Amino acid sequence: MTDRSEGTRTPSDDSRTVHLTDPRAMRALAHPTRLQLLGELRTRGPQTVGMLSEIVDEAVGSVSYHLGKLASFGFVEEVPELARDRRERWWRAAHERTTFKPVEVLDNPERRAALDSFRRSVLRRYVEVLERYLESEATLAPAWVAGATSSDTQVHLTSDELMELQADLKALGDRWEARGVAGRAGTEPVTLMFHAFRRPE
């Protein structure tokens, strides 16, 4: 897949994944509204500007502006075949996931700062999603509450073992993503979050 902005992504064996390398794309995606819009398109599938406006509680003009920014870096794309008339604009996510490697930016201050800004926005989004879940938990069926989990574990690893853990976590996520296809009877969207890092001194 070709890049709409040089350096936005690198070639990948998985066309469903965009790999961040361009600091401009990182800064564009760090905006909380854009991050939310991209997440909603990935979760819900194609949406009109009006639908997205209601979901993210933003004015239609603001949503259109942010979608244009996302499109300029290839994160989203229009789906004109879904429009019923010339005024209706449908959008979809261009990829299912975004990846990045902090080790790739260690020697580049501009890229490091841009990726840091993006990662902090993602972290704030994680917190918002978890808080929304906690607010809604009392309204869920007990079976869904019983299946939810939050935990942390402290382990002592070498850097090589941490890389192995990273691969295990990715494989676990990939396995459940392949199984958890949208639209199966009895399913609901489930958010999986995990982190693994050396604990700061």
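Residue indices begin at 1 and follow the sequence shown. Just so we're clear, the structure is a prediction, and the values are computed from it rather than from any experiment.
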Participant: Could you state whether Ile55 and Trp90 fall into the same hydrophobic cluster, counting links through intermediate Ile, Leu, Val, Met, Phe, Trp or Tyr residues with side-chain heavy atoms under 4.5 angstrom apart?
Facilitator: no
Participant: Going by ring pair (Phe, Tyr, Trp, His ring centres under 6.0 Å), name the pairs with one or both residues in residues 158-190, residues two or more places apart or in two chains.
Facilitator: none
Participant: With clusters defined by side-chain heavy atoms of hydrophobic residues (ILVMFWY) lying less than 4.5 Å apart, directly or transitively, does Val79 cluster with Val18?
Facilitator: no
Participant: Could you work out, with side-chain hydrogen bond (donor to acceptor under 3.5 Å, both in side chains) as the rule, every residue matching Gln166, not counting sequence neighbours?
Facilitator: none
Participant: Taking side-chain contact (heavy atoms from CB on, under 4.5 Å) as the definition, give me every residue that meets it alongside Val103, ordered by chain and number, with sequence neighbours left out.
Facilitator: Lys101, Leu106
Participant: Out of curiosity, Arg111 CZ to Leu20 CG, how far, rounded to the nearest 0.5 Å?
Facilitator: 10.0 Å
Participant: Only counting residues at least two apart or in another chain, list the ones meeting side-chain hydrogen bond (donor to acceptor under 3.5 Å, both in side chains) with Ser53.
Facilitator: none
Participant: Who else is in Tyr65's hydrophobic cluster (ILVMFWY, side-chain heavy atoms under 4.5 Å, direct or via others)?
Facilitator: none
Participant: Can you confirm whether Arg89 is buried at CZ, in the sense that more than 12 heavy atoms of other residues, nucleotides or ligands lie under 6.0 Å from that atom?
Facilitator: no
Participant: Going by the rule salt bridge (charged side-chain N to carboxylate O under 4.0 Å, His left out), which residues pair with Arg84 if we only count those two or more places apart in sequence or in a different chain?
Facilitator: Glu88
Participant: Any donor-acceptor pair under 3.5 Å linking the side chain of Ser117 with the backbone of Ala114?
Facilitator: no
Participant: Would you mind writing out the side-chain donor-acceptor pairs for residues 25-49 within the sub-3.5 Å range, not counting sequence neighbours?
Facilitator:
unit_1	atom_1	unit_2	atom_2	d
His31	ND1	Thr33	N	3.1
Thr33	OG1	Glu58	OE2	3.4
Arg34	NE	His66	ND1	3.0
Arg34	NH1	Ala28	O	3.1
Glu40	OE1	Arg44	NE	2.6
Arg42	NE	His95	O	3.0
Arg42	NH1	Thr98	OG1	3.1
Arg42	NH2	Thr98	OG1	2.8
Thr43	OG1	Gly39	O	2.9
Thr48	OG1	Gly50	N	3.4
Thr48	OG1	Met51	N	3.0

Participant: Using salt bridge (charged side-chain N to carboxylate O under 4.0 Å, His left out) as the criterion, list what pairs up with Glu164, not counting sequence neighbours.
Facilitator: none
Participant: Between CG of Leu52 and OG of Ser62, what distance do you get to the nearest 0.5 Å?
Facilitator: 11.5 Å
Participant: Side chains of residues 183-197: which donor-acceptor partners sit under 3.5 Å, not counting sequence neighbours?
Facilitator:
unit_1	atom_1	unit_2	atom_2	d
Arg184	NE	Arg179	O	3.3
Arg184	NH2	Arg179	O	3.4
Thr187	OG1	Arg184	O	2.8

Participant: Determine, using the 4.5 Å side-chain heavy-atom cutoff (strictly less than), whether Leu165 and Leu172 are members of one ILVMFWY cluster.
Facilitator: no
Participant: Is there a path of hydrophobic side-chain contacts, each under 4.5 Å between heavy atoms of I/L/V/M/F/W/Y residues, joining Leu82 to Val63?
Facilitator: no
Participant: Give the minimum heavy-atom separation between Glu177 and Glu96, together with the two atoms involved.
Facilitator: OE2-OE1, 3.9 Å
Participant: Less than 3.5 Å apart, which donor and acceptor atoms pair up between the side chains of residues 134-146 and the rest of the protein, not counting sequence neighbours?
Facilitator:
unit_1	atom_1	unit_2	atom_2	d
Ser136	OG	Arg132	O	3.3
Ser136	OG	Tyr133	O	3.0
Glu137	OE2	Tyr133	OH	2.6
Thr139	OG1	Ser136	O	2.6

Participant: Group every Ile, Leu, Val, Met, Phe, Trp and Tyr by side-chain heavy-atom contacts under 4.5 Å, then state whether Leu169 and Phe100 land in the same group.
Facilitator: no
Participant: Lys170: which residues meet the salt bridge (charged side-chain N to carboxylate O under 4.0 Å, His left out) condition with it, sequence neighbours left out?
Facilitator: Asp174
Participant: For Asp116, give me all partners under salt bridge (charged side-chain N to carboxylate O under 4.0 Å, His left out), at least two apart in sequence or on another chain.
Facilitator: Arg120
